[in-house]
Amino acid sequence: MLRRIQASRVAAYIIIALAVLVTVFPFYWMIRTALTPQADLIADSTRLWPSHPTLINFKRILGLVSVEEAQAAGGSGATINFAIATTNSLIYSGGIAIAQTFFAACAAYAFARLRFPGKNLLFGCVIGALMVPGIFSLLPNYVLVKQLGWLDTMHGMMLPALFMAPFSVFFLRQFFLSLPREIEEAAMLDGLGPIARFFRVTIPMSTGPIMTMALITIIGMWKDFLWPLLVGRNGAQLLTVALGIFQQQSPNRAPDWTGLMAGSTLSVIPVLILLVLMGRKLVESLNFSGIK
(Lines give C-alpha, C1' and ligand atoms only; values in the text may rest on other atoms or scores of the structure.)
Protein backbone atom coordinates (compact mmCIF):
# COMPACT_ATOMS: atom_id res chain seq x y z
CA MET A 1 0.00 0.00 0.00
CA LEU A 2 2.81 2.40 0.93
CA ARG A 3 4.66 1.64 -2.31
CA ARG A 4 1.49 2.32 -4.28
CA ILE A 5 1.06 5.70 -2.57
CA GLN A 6 4.69 6.63 -3.16
CA ALA A 7 4.46 5.58 -6.82
CA SER A 8 1.36 7.74 -7.33
CA ARG A 9 3.09 10.67 -5.63
CA VAL A 10 6.15 10.31 -7.86
CA ALA A 11 3.90 10.13 -10.92
CA ALA A 12 2.11 13.28 -9.80
CA TYR A 13 5.42 15.12 -9.34
CA ILE A 14 6.55 14.04 -12.80
CA ILE A 15 3.32 15.28 -14.39
CA ILE A 16 3.58 18.62 -12.54
CA ALA A 17 7.23 18.99 -13.56
CA LEU A 18 6.36 18.32 -17.21
CA ALA A 19 3.49 20.83 -17.05
CA VAL A 20 5.80 23.47 -15.56
CA LEU A 21 8.44 22.73 -18.21
CA VAL A 22 5.93 23.08 -21.05
CA THR A 23 4.68 26.35 -19.56
CA VAL A 24 8.07 27.91 -18.80
CA PHE A 25 10.03 26.76 -21.86
CA PRO A 26 8.53 29.35 -24.30
CA PHE A 27 9.57 32.14 -21.92
CA TYR A 28 13.04 30.65 -21.61
CA TRP A 29 13.33 30.43 -25.40
CA MET A 30 12.23 34.05 -25.71
CA ILE A 31 15.02 35.15 -23.34
CA ARG A 32 17.51 32.88 -25.08
CA THR A 33 16.63 34.39 -28.48
CA ALA A 34 16.89 37.91 -27.04
CA LEU A 35 20.46 37.15 -25.94
CA THR A 36 21.44 35.68 -29.32
CA PRO A 37 23.30 37.85 -31.87
CA GLN A 38 21.35 38.26 -35.09
CA ALA A 39 24.20 36.64 -37.07
CA ASP A 40 24.00 33.49 -34.89
CA LEU A 41 20.23 33.12 -34.95
CA ILE A 42 20.17 30.32 -37.54
CA ALA A 43 23.43 28.65 -36.49
CA ASP A 44 22.32 28.45 -32.84
CA SER A 45 18.74 27.40 -33.58
CA THR A 46 19.30 23.92 -32.11
CA ARG A 47 21.26 25.05 -29.04
CA LEU A 48 19.66 25.62 -25.65
CA TRP A 49 22.00 28.56 -24.99
CA PRO A 50 23.55 31.00 -27.52
CA SER A 51 27.20 30.54 -28.42
CA HIS A 52 27.94 34.23 -27.95
CA PRO A 53 25.34 35.75 -25.59
CA THR A 54 25.03 39.50 -25.84
CA LEU A 55 22.91 42.42 -24.62
CA ILE A 56 23.12 44.31 -27.90
CA ASN A 57 19.52 43.44 -28.81
CA PHE A 58 18.24 45.10 -25.63
CA LYS A 59 20.46 48.10 -26.17
CA ARG A 60 19.41 48.74 -29.75
CA ILE A 61 15.66 48.57 -29.19
CA LEU A 62 16.07 50.93 -26.23
CA GLY A 63 18.04 53.34 -28.41
CA LEU A 64 21.22 53.00 -26.34
CA VAL A 65 23.37 52.51 -29.46
CA SER A 66 23.64 54.51 -32.67
CA VAL A 67 21.69 53.60 -35.79
CA GLU A 68 24.90 52.41 -37.46
CA GLU A 69 25.71 50.10 -34.54
CA ALA A 70 22.16 48.77 -34.50
CA GLN A 71 22.25 48.02 -38.22
CA ALA A 72 25.66 46.40 -37.86
CA ALA A 73 24.14 44.11 -35.20
CA GLY A 74 21.50 42.97 -37.70
CA GLY A 75 18.67 45.36 -36.86
CA SER A 76 16.90 47.96 -38.95
CA GLY A 77 17.83 50.84 -36.66
CA ALA A 78 14.29 51.08 -35.29
CA THR A 79 13.77 51.67 -31.57
CA ILE A 80 10.93 51.56 -29.04
CA ASN A 81 10.19 54.33 -26.56
CA PHE A 82 9.74 51.94 -23.66
CA ALA A 83 9.23 54.65 -21.05
CA ILE A 84 6.17 56.13 -22.76
CA ALA A 85 4.78 52.83 -24.06
CA THR A 86 5.13 51.11 -20.67
CA THR A 87 3.56 54.08 -18.86
CA ASN A 88 0.62 54.04 -21.27
CA SER A 89 0.20 50.29 -20.79
CA LEU A 90 0.28 50.64 -17.01
CA ILE A 91 -2.34 53.41 -17.09
CA TYR A 92 -4.49 51.47 -19.56
CA SER A 93 -4.41 48.06 -17.85
CA GLY A 94 -4.32 49.37 -14.27
CA GLY A 95 -7.09 51.93 -14.77
CA ILE A 96 -9.39 49.44 -16.49
CA ALA A 97 -8.69 46.76 -13.87
CA ILE A 98 -9.51 49.06 -10.95
CA ALA A 99 -12.64 50.56 -12.49
CA GLN A 100 -13.94 47.36 -14.06
CA THR A 101 -13.44 45.29 -10.91
CA PHE A 102 -15.12 47.93 -8.73
CA PHE A 103 -18.19 48.29 -10.96
CA ALA A 104 -18.41 44.51 -11.43
CA ALA A 105 -18.31 44.03 -7.66
CA CYS A 106 -21.11 46.57 -7.21
CA ALA A 107 -23.27 44.84 -9.84
CA ALA A 108 -22.47 41.38 -8.45
CA TYR A 109 -23.46 42.45 -4.94
CA ALA A 110 -26.75 43.83 -6.24
CA PHE A 111 -27.52 40.55 -8.01
CA ALA A 112 -26.50 38.48 -5.00
CA ARG A 113 -28.11 40.39 -2.12
CA LEU A 114 -30.60 43.02 -3.26
CA ARG A 115 -34.16 42.49 -4.41
CA PHE A 116 -35.53 44.51 -7.30
CA PRO A 117 -37.93 43.88 -10.20
CA GLY A 118 -36.43 42.08 -13.19
CA LYS A 119 -33.29 40.99 -11.35
CA ASN A 120 -33.20 37.49 -12.81
CA LEU A 121 -33.95 38.74 -16.31
CA LEU A 122 -31.23 41.36 -16.09
CA PHE A 123 -28.74 38.81 -14.78
CA GLY A 124 -29.70 36.52 -17.66
CA CYS A 125 -28.79 39.32 -20.06
CA VAL A 126 -25.41 39.64 -18.34
CA ILE A 127 -24.80 35.90 -18.71
CA GLY A 128 -25.95 36.07 -22.33
CA ALA A 129 -23.33 38.73 -22.98
CA LEU A 130 -20.68 36.07 -22.27
CA MET A 131 -21.62 34.42 -25.56
CA VAL A 132 -21.09 37.58 -27.65
CA PRO A 133 -17.58 37.65 -29.19
CA GLY A 134 -15.66 40.82 -28.49
CA ILE A 135 -15.02 41.38 -32.19
CA PHE A 136 -18.73 42.14 -32.66
CA SER A 137 -18.50 45.28 -30.51
CA LEU A 138 -15.26 46.48 -32.07
CA LEU A 139 -16.79 48.56 -34.88
CA PRO A 140 -19.61 50.17 -32.81
CA ASN A 141 -17.10 51.13 -30.13
CA TYR A 142 -14.75 52.59 -32.72
CA VAL A 143 -17.54 54.67 -34.27
CA LEU A 144 -18.60 55.91 -30.82
CA VAL A 145 -15.06 56.90 -29.83
CA LYS A 146 -14.51 58.59 -33.18
CA GLN A 147 -17.74 60.61 -32.90
CA LEU A 148 -16.71 61.71 -29.42
CA GLY A 149 -13.39 62.91 -30.83
CA TRP A 150 -11.43 60.62 -28.52
CA LEU A 151 -9.30 58.78 -31.05
CA ASP A 152 -5.64 58.45 -30.07
CA THR A 153 -6.39 59.26 -26.42
CA MET A 154 -6.08 57.14 -23.30
CA HIS A 155 -9.67 57.73 -22.17
CA GLY A 156 -10.91 56.81 -25.65
CA MET A 157 -9.10 53.49 -25.47
CA MET A 158 -10.24 52.77 -21.93
CA LEU A 159 -13.91 53.76 -22.28
CA PRO A 160 -15.42 50.52 -23.76
CA ALA A 161 -13.89 48.29 -21.07
CA LEU A 162 -14.05 50.70 -18.16
CA PHE A 163 -17.29 49.75 -16.44
CA MET A 164 -17.77 46.01 -16.08
CA ALA A 165 -17.27 42.64 -17.75
CA PRO A 166 -19.94 39.89 -17.72
CA PHE A 167 -17.55 37.22 -16.46
CA SER A 168 -16.39 39.43 -13.58
CA VAL A 169 -20.00 40.02 -12.54
CA PHE A 170 -20.79 36.30 -12.70
CA PHE A 171 -17.62 35.29 -10.86
CA LEU A 172 -18.06 37.76 -7.99
CA ARG A 173 -21.80 37.13 -7.70
CA GLN A 174 -21.18 33.43 -7.14
CA PHE A 175 -18.73 34.23 -4.37
CA PHE A 176 -21.02 36.78 -2.71
CA LEU A 177 -23.78 34.14 -2.65
CA SER A 178 -21.46 31.83 -0.68
CA LEU A 179 -20.91 34.40 2.07
CA PRO A 180 -23.00 33.82 5.24
CA ARG A 181 -26.02 36.09 5.42
CA GLU A 182 -25.86 36.12 9.21
CA ILE A 183 -22.93 38.54 9.19
CA GLU A 184 -24.77 41.01 6.98
CA GLU A 185 -27.95 40.59 9.01
CA ALA A 186 -25.99 41.47 12.15
CA ALA A 187 -24.62 44.54 10.38
CA MET A 188 -28.17 45.43 9.34
CA LEU A 189 -29.29 45.28 12.96
CA ASP A 190 -26.48 47.71 13.76
CA GLY A 191 -28.08 50.17 11.35
CA LEU A 192 -25.89 49.69 8.28
CA GLY A 193 -27.58 50.16 4.92
CA PRO A 194 -26.81 48.20 1.73
CA ILE A 195 -23.98 50.51 0.64
CA ALA A 196 -22.35 50.50 4.07
CA ARG A 197 -22.68 46.69 4.30
CA PHE A 198 -21.07 46.34 0.89
CA PHE A 199 -18.03 48.45 1.73
CA ARG A 200 -17.61 47.56 5.41
CA VAL A 201 -18.61 43.88 5.45
CA THR A 202 -18.67 42.26 2.02
CA ILE A 203 -15.55 43.85 0.51
CA PRO A 204 -13.24 42.95 3.46
CA MET A 205 -14.45 39.33 3.27
CA SER A 206 -13.90 39.18 -0.50
CA THR A 207 -10.36 40.48 -0.88
CA GLY A 208 -9.05 37.30 -2.49
CA PRO A 209 -11.63 36.97 -5.30
CA ILE A 210 -11.62 40.69 -5.99
CA MET A 211 -7.84 40.77 -6.29
CA THR A 212 -8.00 37.69 -8.50
CA MET A 213 -10.38 39.41 -10.91
CA ALA A 214 -8.24 42.55 -10.86
CA LEU A 215 -5.13 40.51 -11.68
CA ILE A 216 -6.87 38.61 -14.48
CA THR A 217 -8.12 41.90 -15.92
CA ILE A 218 -4.68 43.54 -15.73
CA ILE A 219 -3.06 40.64 -17.57
CA GLY A 220 -5.80 40.61 -20.21
CA MET A 221 -5.56 44.35 -20.79
CA TRP A 222 -1.75 44.31 -20.75
CA LYS A 223 -1.64 41.99 -23.77
CA ASP A 224 -4.54 43.67 -25.60
CA PHE A 225 -3.52 44.56 -29.15
CA LEU A 226 -6.27 45.00 -31.76
CA TRP A 227 -8.35 47.68 -30.03
CA PRO A 228 -5.33 49.82 -28.95
CA LEU A 229 -3.96 49.45 -32.49
CA LEU A 230 -7.15 50.92 -33.96
CA VAL A 231 -7.67 53.72 -31.44
CA GLY A 232 -4.24 54.62 -30.05
CA ARG A 233 -1.64 53.85 -32.69
CA ASN A 234 0.29 57.13 -32.36
CA GLY A 235 0.08 59.41 -29.31
CA ALA A 236 -1.49 56.88 -26.92
CA GLN A 237 0.60 53.94 -28.09
CA LEU A 238 0.70 50.89 -25.83
CA LEU A 239 3.63 48.51 -25.48
CA THR A 240 1.98 45.75 -27.51
CA VAL A 241 1.33 48.17 -30.36
CA ALA A 242 4.88 49.53 -30.15
CA LEU A 243 6.23 45.98 -30.49
CA GLY A 244 4.00 45.34 -33.49
CA ILE A 245 5.16 48.53 -35.19
CA PHE A 246 8.78 47.64 -34.40
CA GLN A 247 8.28 44.31 -36.18
CA GLN A 248 6.92 46.09 -39.27
CA GLN A 249 9.84 48.50 -39.57
CA SER A 250 12.03 46.10 -41.57
CA PRO A 251 9.83 45.51 -44.65
CA ASN A 252 12.64 44.54 -47.02
CA ARG A 253 14.15 41.82 -44.85
CA ALA A 254 13.16 39.05 -42.47
CA PRO A 255 11.58 40.17 -39.20
CA ASP A 256 14.01 41.30 -36.52
CA TRP A 257 13.34 38.31 -34.27
CA THR A 258 16.17 38.95 -31.80
CA GLY A 259 15.12 42.56 -31.27
CA LEU A 260 11.47 41.59 -31.04
CA MET A 261 12.24 38.93 -28.44
CA ALA A 262 14.30 41.44 -26.47
CA GLY A 263 11.36 43.84 -26.47
CA SER A 264 8.94 41.05 -25.52
CA THR A 265 11.21 40.05 -22.63
CA LEU A 266 11.18 43.61 -21.29
CA SER A 267 7.40 43.80 -21.72
CA VAL A 268 6.91 40.73 -19.52
CA ILE A 269 8.83 42.17 -16.56
CA PRO A 270 6.05 44.47 -15.17
CA VAL A 271 3.49 41.65 -15.25
CA LEU A 272 5.97 39.24 -13.69
CA ILE A 273 6.60 41.68 -10.84
CA LEU A 274 2.85 42.03 -10.33
CA LEU A 275 2.39 38.26 -10.22
CA VAL A 276 5.14 37.94 -7.62
CA LEU A 277 3.61 40.68 -5.47
CA MET A 278 0.05 39.38 -5.75
CA GLY A 279 0.84 35.68 -6.04
CA ARG A 280 -0.02 34.85 -2.44
CA LYS A 281 -3.45 36.45 -2.67
CA LEU A 282 -4.06 34.66 -5.96
CA VAL A 283 -3.17 31.27 -4.47
CA GLU A 284 -5.29 31.92 -1.39
CA SER A 285 -8.29 32.85 -3.52
CA LEU A 286 -8.16 29.53 -5.38
CA ASN A 287 -9.32 27.73 -2.23
CA PHE A 288 -11.95 30.18 -1.03
CA SER A 289 -15.37 28.86 -0.12
CA GLY A 290 -16.74 31.62 2.09
CA ILE A 291 -16.46 32.03 5.85
CA LYS A 292 -17.77 29.18 7.97
Original post:
Under 3.5 Å, is there a donor-acceptor pair between the side chain of S93 and the main chain of M221?
Top reply: no
Original post:
Does some side-chain heavy atom of I216 sit less than 4.5 Å from a side-chain heavy atom of F171?
Top reply: no
Subject >> Check against side chain to side chain contact (heavy atoms under 4.5 Å, CB included), W227 and N141 >> reply: CA-CA 9 Å; W227 173 251; N141 287 334; 3.6 Å; yes
Subject >> Any side-chain heavy-atom pair of L179 and S206 under 4.5 Å >> reply: yes
**OP:** Give a yes or no on whether Y13 atom OH has more than 12 heavy-atom contacts from other residues, nucleotides or ligands under 6.0 Å away.
**Re:** no
**OP:** Take atom CD1 of I84 as the centre, draw a 6.0 Å sphere, and report whether it contains more than 12 heavy atoms from other residues, nucleotides or ligands.
**Re:** no
Subject >> Check against side chain to side chain contact (heavy atoms under 4.5 Å, CB included), R113 and T202 >> reply: CA-CA 10 Å; R113 287 292 188 258; T202 304; 5.8 Å; no
Original post:
Does a sphere of radius 6.0 Å around CZ in F27 hold more than 12 heavy atoms from other residues, nucleotides or ligands, not counting ones at 6.0 Å or beyond?
Top reply: no
Original post:
How far apart are the closest heavy atoms of W222 and V271, and which atoms are they?
Top reply: CD1-CG2, 3.4 Å
Original post:
Does some side-chain heavy atom of R47 sit less than 4.5 Å from a side-chain heavy atom of T36?
Top reply: no
Original post:
Hey, does L266 have a side-chain heavy atom less than 4.5 Å from the side chain of L239?
Top reply: no
Original post:
Are F116 and L172 connected in a single hydrophobic cluster, I mean Ile/Leu/Val/Met/Phe/Trp/Tyr linked by side-chain heavy atoms less than 4.5 Å apart?
Top reply: yes
**OP:** Tell me whether M30 is reachable from W49 by hopping between hydrophobic residues (I, L, V, M, F, W, Y) whose side-chain heavy atoms are closer than 4.5 Å.
**Re:** yes
Original post:
Could you walk me through whether T101 and I210 pass the side chain to side chain contact (heavy atoms under 4.5 Å, CB included) check?
Top reply: CA-CA 7 Å; T101 304; I210 290 175; 3.7 Å; yes
Original post:
Are R200 and D190 ion-paired here, with the side-chain N under 4.0 Å from a carboxylate O?
Top reply: no
Original post:
Around atom CD1 of I195, are there more than 12 heavy atoms of other residues, nucleotides or ligands at under 6.0 Å?
Top reply: no
Original post:
Around H52, counting heavy atoms of other residues, nucleotides and ligands shown, do more than 12 lie under 6.0 Å from its NE2?
Top reply: no
Subject >> Side-chain heavy atoms of N57 within contact of I61, under 4.5 Å >> reply: no
**OP:** Working to the nearest 0.5 Å, report the span between CD1 of I80 and CG of L62.
**Re:** 8.0 Å
**OP:** Verify the cluster assignment for L114 and F123: are they in a single hydrophobic cluster under the rule of side-chain heavy atoms below 4.5 Å apart?
**Re:** yes
**OP:** Give the minimum heavy-atom separation between N88 and Q237, together with the two atoms involved.
**Re:** ND2-O, 3.0 Å
Subject >> Over all atoms of both residues, closest heavy-atom pair of P37 and T54 >> reply: CG-CG2, 3.7 Å
Original post:
If you count the non-hydrogen atoms of other residues, nucleotides and ligands that lie under 6.0 Å from CZ in F82, is the total more than 12?
Top reply: yes
Subject >> CD1 on I218 to CG on L274, rounded to 0.5 Å >> reply: 5.0 Å
Original post:
Counting heavy atoms not belonging to K146, are there more than 12 under 6.0 Å from its NZ?
Top reply: no
Original post:
Is L277 reachable from M211 through a run of I, L, V, M, F, W or Y residues, each pair having side-chain heavy atoms under 4.5 Å apart?
Top reply: yes
Original post:
Where does the angle between the aromatic ring planes of Y109 and F198 fall among parallel (under 30°), tilted (30 to 60°) and perpendicular (over 60°)?
Top reply: tilted
Subject >> A112 to R181 - nearest heavy-atom pair and separation >> reply: O-NH2, 3.8 Å
Original post:
With distance as the sole test, does E184 use its side chain to make a donor-acceptor pair with the main-chain N or O of R197 at under 3.5 Å?
Top reply: no
Original post:
Roughly how far apart are S264 OG and Q247 CD, rounded to 0.5 Å?
Top reply: 9.0 Å
Original post:
Does any N or O in the side chain of S45 come within less than 3.5 Å of the main-chain N or O of I42, such that one atom is a donor and the other an acceptor?
Top reply: yes
**OP:** With side chain to side chain contact (heavy atoms under 4.5 Å, CB included) as the test, would you mind laying out the steps for D256 and R60 before giving the verdict?
**Re:** CA-CA 11 Å; D256 183 4; R60 59 189 180 84; 2.6 Å; yes
**OP:** For the residue pair L48 and W29, establish whether any side-chain heavy-atom pair is separated by less than 4.5 Å.
**Re:** yes
Original post:
Under 4.5 Å between any side-chain heavy atoms of F111 and L177, yes or no?
Top reply: no
Original post:
Nearest heavy-atom pair of G156 and T153: which atoms, and what distance?
Top reply: N-OG1, 3.1 Å
Original post:
Measuring from L229:CG to I245:CD1, what's the distance to the nearest 0.5 Å?
Top reply: 7.0 Å
Original post:
Taking C-beta and beyond as the side chain, do F58 and L35 meet within less than 4.5 Å on heavy atoms?
Top reply: yes
Original post:
According to a 4.5 Å side-chain heavy-atom criterion applied to Ile, Leu, Val, Met, Phe, Trp and Tyr, with indirect links allowed, do I16 and V24 form part of one hydrophobic cluster?
Top reply: yes
Subject >> Interatomic spacing from CG in L260 to OG1 in T265 - rounded to 0.5 Å >> reply: 9.5 Å
Subject >> Nearest atoms (heavy-atom pairs only) where V241 meets F225 >> reply: CA-CE1, 3.9 Å
Subject >> Separation of F167 CZ from L130 CG (nearest 0.5 Å) >> reply: 8.0 Å
